[in-house]
Amino acid sequence: MIPSNKIGIVFGSLTPPEHLTAGAALAERLGLGELWFSEDCFFTGGLSGLTQLLAATREIPAGLGLASIATRHPAVLAMELAGLARTYPGRVRAGIGLGNRGWLEQMGLRPPRPLTALGETADVLRELLAGELVDRENSTHVLSGVQLSFPPDLPPELWTGAVNERGLRLAGEKADGVLLSVLAGPAYVRWVRELIPRHTPVMAFALTAIDDDDRTARDAVRAAVGIFLQAESESALIGKSPYAKEIRTAVAALAPAEELTVEDAWIDEFAVAGTPDQVRARLDELLTSGANSLGLWLFPPDRLDDQLHRLATEVLAANTASNARSESLPGAAV
């Protein structure tokens, strides 16, 4: 049985900003457990997206996954998060991380010592959100007598996104929770669990499509899987999978601007796509591997409402109904 509170929805670059509120409200009505907004450059800003998710809902937690420590000064980020945490107490989760290397290089913002900067920023954010006065210069930012005028009574949870070993170990030390990128397969999740404390929750994002025809479902995420495989081909997300060698060979052989041909087996490893029964089994596998919850990025994006309904009624509710039926059989334990 997969509890619905372990399944969340990720909104981000493929959802036009004017559609966020309707999607968030529907996800809450359908009983999903949490919402996340994934900031991708240069689509919809993370804080504006997170604000829309919170404003459109009543009780469901919502998180920013993630804000780059290089694109926002921690004093400004803390100020924004404090406002949201005071307005929506107990519901805000703040995810931070380095961010996509290519986007940072486009803006000339890649820090020389990324992990040092990440750890320092996490410390500064905690202090500021707790209402403390911060007066120091670190490797990336200067804070000269900075203190929030309106710190929240209940500071937001501070989550950290990381991919490779050193970043994950740092996240396990500093964060209230660890965010895993899309492409996090079962083998990768098990490896992550060996690196971080058992009490630290892990949320894994997953490219997801549900269809009665498993081929149609795979095709819905195929292009996105290909883009992320190319971007992450040298990272542990790929390296810890059984397909690392063949994917890296295929990516290395690509001509400029050539798209990667994505095999069905790769989709089955790095995404959650298939019939309702197949999707349910895949979600259960990721949770069993060590993820505490899953954030599903639903495809195709122009069928968000349909995918939300199918997830709630055919994947999660169907699983509950099946469990209830088995318990009602003669001789079943009660």
Side-chain angles (χ1 to χ4, degrees), residues 4-69 71-97 99 121-122 125-126 128-131 148-161 175-179 201 203-205 292-298 301 304-305 307-309 311-312:
S4 60
N5 64 357
K6 290 184 175 291
I7 304 300
I9 301 299
V10 179
F11 296 87
S13 56
L14 298 181
T15 304
E18 65 271 19
H19 296 167
L20 290 173
T21 55
L26 177 58
E28 183 174 48
R29 289 199 302 273
L30 291 172
L32 279 303
E34 54 195 289
L35 305 174
W36 288 87
F37 189 86
S38 176
E39 181 177 70
D40 297 321
C41 296
F42 299 93
F43 296 91
T44 299
L47 287 162
S48 65
L50 174 59
T51 301
Q52 291 191 69
L53 300 187
L54 290 163
T57 52
R58 298 176 62 86
E59 298 179 355
I60 190 170
L64 172 60
L66 49 75
S68 169
I69 60 165
T71 60
R72 289 185 179 85
H73 193 286
V76 176
L77 180 58
M79 183 172 60
E80 299 283 6
L81 292 172
L84 290 176
R86 289 175 66 102
T87 306
Y88 305 100
R91 296 179 57 201
V92 180
R93 294 172 178 173
I96 62 169
T121 301
L125 283 173
R126 282 202 189 278
L128 289 172
L129 290 167
L148 297 181
S149 295
F150 298 105
D153 292 332
L154 182 61
E157 294 179 7
L158 185 61
W159 289 57
T160 298
D176 296 318
V178 176
L179 293 174
M203 151 67 80
F205 288 179
N292 298 92
S293 56
L294 303 171
L296 308 187
W297 190 353
L298 297 172
L304 175 62
D305 287 8
Q307 288 291 290
L308 282 169
H309 279 287
L311 174 66

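This one's a predicted model, so the numbers in the text were calculated from it and none came from an experiment.
Here the shortest heavy-atom pairing between T51 and L84 reads OG1-CD2, 3.4 Å. The two atoms that bring L148 and A82 nearest to each other are CD1-CB, 3.9 Å, heavy atoms only. The minimum heavy-atom distance between P74 and L125, with the atom names listed, is O-CD2, 3.5 Å. Shown here for G49 and L20, the closest heavy-atom pair between the two residues is CA-CD1, 4.0 Å. T160 approaches A175 most closely through the heavy-atom pair OG1-CB, 3.4 Å. A pairwise comparison of heavy atoms in P155 and P152 identifies CA-CG, 3.8 Å as the closest pair.
Side-chain contact between S48 and F37 is absent, with no heavy atoms from C-beta onward closer than 4.5 Å. In this structure the side chain of P201 never reaches within 4.5 angstrom of the side chain of V178, judged on heavy atoms. I7 has its side chain within reach of L311: a pair of non-hydrogen atoms, C-beta onward, lies under 4.5 Å apart. The side-chain heavy atoms of R126 and L158, taken from C-beta on, include a pair separated by under 4.5 Å. In this structure, the side chains of M203 and E34 come closer than 4.5 Å at one or more pairs of heavy atoms.
Taking CG from L77 and OG1 from T121, the interatomic distance works out to 9.0 Å, rounded to the nearest 0.5 Å. The CG atom of L81 sits 10.5 Å away from atom CG of L128, with the distance rounded to the nearest 0.5 Å. Here Q52 contributes atom CD and T57 contributes atom OG1; the two are 11.5 Å apart, rounded to the nearest 0.5 Å. If you take CZ on R91 and CD on E157, they are separated by 13.0 Å, rounding to the nearest 0.5 Å. L53 CG to E28 CD: the interatomic distance, rounded to the nearest 0.5 Å, is 11.0 Å. Considering CZ of F205 and CG of L66, their distance stands at 7.5 Å, rounded to 0.5 Å.
Between W36 and W297, the distance from one ring center to the other does not fall under 6.0 angstrom.
Of the possible polar contacts, none joining the R93 side chain to the P61 backbone as a donor-acceptor pair under 3.5 Å is found.
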### Task
Please lay out, stage by stage, how F11 and L35 fare under the test side chain to side chain contact (heavy atoms under 4.5 Å, CB included).
CA-CA 8 Å; F11 296 87; L35 305 174; 3.8 Å; yes
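Crowding of E59 atom CD: a count of heavy atoms from other residues, nucleotides or ligands under 6.0 Å not exceeding 12.
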